[in-house]
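Remarks on the structure that follows.
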2 protein chains.
Amino acid sequence: MTETTKPRREQIHDVASRLFSERGYHATSMRDLAGQLGMQGGSLYAHISGKEELLVEIVRGASQQFDEALFSLRDVNLPADEKLREAMFRHIQVVADNMDSATVFFHEWKHLSAEPYAQVVAWRDTIDIFYRDLVAQGVRDGTFRADLDVRAAANLILSAVNWTYTWYRPGGRLSPRDVAEQFADMLLSGLMAGELQ
Amino acid sequence: MTETTKPRREQIHDVASRLFSERGYHATSMRDLAGQLGMQGGSLYAHISGKEELLVEIVRGASQQFDEALFSLRDVNLPADEKLREAMFRHIQVVADNMDSATVFFHEWKHLSAEPYAQVVAWRDTIDIFYRDLVAQGVRDGTFRADLDVRAAANLILSAVNWTYTWYRPGGRLSPRDVAEQFADMLLSGLMAGELQ
DNA sequence: CCTACCGATCGGTAGG
DNA sequence: CCTACCGATCGGTAGG
């Protein structure tokens, strides 16, 4: 009995996330969408107001997932390196658990109209600041190297966790935890062998 | 006299790279393109065979730039860490020098038809292998840590250099060399302060 | 949720 | 390189 039917609106969002991520927003027609749901193109408008509403809600949903995962970490009292491990894990997990909407988020946000577009830009800043604060804290308390460029470090971390949407395969060899630990190990300790060997 | 006119075909490619990167492939119409060149939509077909030809050539051009930058490094005799620095610099420089076509490359290749699509997938593998070989060499000769996961390391490096297309601004505060050195410093030495302090 | 339809726009072509 | 046009398809609506 896994046949419990989701609300129609939710089904539409799920299919839209999948098609937008596979083909892109502009290459997906409302008729494509309707076809996957077994209805006619015009019937979609009984449930939604328009195509862009779908994009807006997918993008907003994804950014909220990131927010919920990361901002509860903000004031947690942990050593900077452990905090970074946990943040990277949560960040990657959001991507892994929402491959479709995360892909739409990273790929299609430029097609939003002015207002939601500006919200994404503002949101990106908050995430940037989250990682900069995390790094800055680690530098201040001596966990991280004193000569770190905080912006560059945050940028490198974000590159690692964001780029996962292009290559990660849920159900594959690596769990989100595996990826996070591998990346964090390398970022924290570096690739170089110790000087003494 | 910087008014030397480029060949029309090249102008079309330049404008197409810019519009495809700004708006996306499907959201750019042939009439948009023609308008920016001061001609009518139909007139484009005196110079090109179709819209997808433009996408194919932009994508192919970008991948060739990466090839030329990286593959001459393949058999150069350098310590692995220096080789990595140089590879990252060249990789980032290709992105920085070709922001438009690099963006199209990373963003729009999924819209290619079967054959050029498969070429991009195959190309990506060669780049992946390039970085894995570089890391593996460093592990073998003791430059890099013996416990490195080669695939993960290559993946992390690629995340850093590829993601630059989303944030780098040519002519801004940082040169491609700056970014490459910052990233390589952090990747090679890690973020952690030394154990003794 | 369907049928039937709207005006607009798409990539591309014919003929000059 | 332009004018004029093609069939196809787009997002969306009216009326039921």
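Just so it is clear: chains get the letters A, B, ... in the order the sequence lines come, proteins before strands, and each one is counted from 1. This structure is a prediction, so every number in the text was calculated from the model and none was measured.
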Interatomic distance, [X] [atom1] vs [N] [atom2] [rounded to whole Å]:
| X | N | atom1 | atom2 | result |
| --- | --- | --- | --- | --- |
| A:L37 | C:dC1 | CG | C1' | 12 Å |
| B:R8 | D:dC1 | CZ | C1' | 9 Å |
| B:Q40 | C:dC10 | CD | P | 13 Å |
| B:L19 | C:dC10 | CG | P | 13 Å |
| B:L44 | C:dG11 | CG | P | 10 Å |
| A:L33 | D:dT9 | CG | P | 17 Å |
| B:H26 | C:dC10 | NE2 | C1' | 11 Å |
| A:I48 | D:dG12 | CD1 | C1' | 10 Å |

request  = Give A:G42 one of three labels, base, sugar-phosphate or nothing, depending on what nucleic acid heavy atoms sit under 4.0 Å from its own.
outcome  =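 Here A:G42 touches the bases of the nucleic acid.
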task = Answer with base, sugar-phosphate or nothing: what part of the nucleic acid does A:T28 contact at a heavy-atom distance below 4.0 Å?
result =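 Here A:T28 touches the backbone only, sparing every base.
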[X], nearest nucleotide to its side chain (from [options]):
| X | options | answer |
| --- | --- | --- |
| B:A46 | C:dC10, D:dC1, D:dT3 | D:dC1 |
| B:M30 | D:dC1, D:dC10, C:dG12 | C:dG12 |
| B:M39 | D:dT3, D:dC1, D:dG11 | D:dC1 |
| A:K51 | D:dG11, C:dC1, D:dC2 | D:dG11 |

Side-chain donor-acceptor contact under 3.5 Å, [X] with [Y]:
| X | Y | value |
| --- | --- | --- |
| B:T103 | B:D100 | no |
| A:R140 | A:Q137 | no |
| A:N155 | B:W163 | no |

ask   = Considering heavy-atom distances to DNA chain D, does A:S49 or A:D32 have its closest nucleotide positioned more toward the 5' end?
value =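 With A:S49 and A:D32 compared, the 5'-side residue is A:D32.
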Can you find a side chain N or O atom of [X] that sits less than 4.0 Å from OP1 or OP2 on [N]?
| X | N | answer |
| --- | --- | --- |
| A:R31 | D:dG12 | no |
| B:S29 | C:dT9 | no |
| B:Y45 | C:dG12 | yes |

Donor-acceptor under 3.5 Å ([X] side chain, [Y] main chain):
| X | Y | value |
| --- | --- | --- |
| B:E108 | B:L55 | no |
| A:E82 | A:L78 | no |
| A:H111 | B:R23 | yes |

key: Where DNA chain C forms stems, i.e. three or more consecutive Watson-Crick or G-U pairs with both distances under 3.5 Å   =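 Listed by first number, the stems are C:1-16 with D:1-16.
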ask   = Centre of B:Y25's six-membered ring, under 6.0 Å away, within 45 degrees of the axis: is that where NZ or CZ of B:K110 sits?
value =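 No cation-pi geometry.
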task = Check salt bridge (charged side-chain N to carboxylate O under 4.0 Å, His left out) between A:R74 and all other residues, then give those that pass, not counting sequence neighbours.
result =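 Scan of A:R74 (salt bridge (charged side-chain N to carboxylate O under 4.0 Å, His left out), adjacent residues dropped) gives A:D133.
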